[in-house]
**Student:** 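Below is the structure I would like to discuss, written out as C-alpha cells.
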Amino acid sequence: TMVGQFSTTGVFGVGSTAPDISGAGACIHAKGDTFRIETSRTPASASATGKVGEICWDSSFLYVCVSANQWKRAALSTW
C-alpha cells in the first residue's frame, strides 16, 4: 500500500516520506517508475476548453494545456 504525505512546503508525496520537487506551490512527487493516466482524452481542438497544466493523451498524441483554452501536442511514435 502506497502512503501519501504532504511536506511542510505543500508538496504531496506518493510513496515518499520526504517529497521534493523544484516547482513552487502545490506539487506532486511520486516515488516510483510509472505515472498512469488511465483514461484517454482528446481535446476537440487547439482552442478547446482547458486549464493551464492539464495533461491528457490519445493513441497518437500527448496534449498539454499551456494557457487557458490553448493546447499543444506532441506526436507519439513507436521505437
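We're numbering straight along the sequence, starting at 1.
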**Student:** With the side chain counted from C-beta on, respond yes when V64 and W71 share a heavy-atom pair under 4.5 Å apart, and no when they do not.
**Tutor:** no
**Student:** Check step by step if side chain to side chain contact (heavy atoms under 4.5 Å, CB included) holds for I37 and W57.
**Tutor:** CA-CA 8 Å; I37 301 172; W57 63 274; 3.8 Å; yes
**Student:** Going by atom type alone, with no hydrogens or angles, which donor-acceptor pairs under 3.5 Å involve a side-chain atom of residues 42-51 and a protein atom two or more places apart or on another chain?
**Tutor:**
unit_1: T42; atom_1: OG1; unit_2: D58; atom_2: OD2; d: 2.7
unit_1: S45; atom_1: OG; unit_2: S47; atom_2: N; d: 3.2
unit_1: S45; atom_1: OG; unit_2: S47; atom_2: OG; d: 3.3
unit_1: S45; atom_1: OG; unit_2: A48; atom_2: N; d: 3.3

**Student:** To the nearest 0.5 Å, what is the distance between SG on C56 and CZ on R41?
**Tutor:** 4.5 Å
**Student:** Tell me, do V52 and V66 make a side-chain contact under 4.5 Å, heavy atoms counted?
**Tutor:** no
**Student:** Within 45° of the six-membered ring axis of F61 and under 6.0 Å from that ring's centre, is NZ or CZ of R73 located there?
**Tutor:** yes
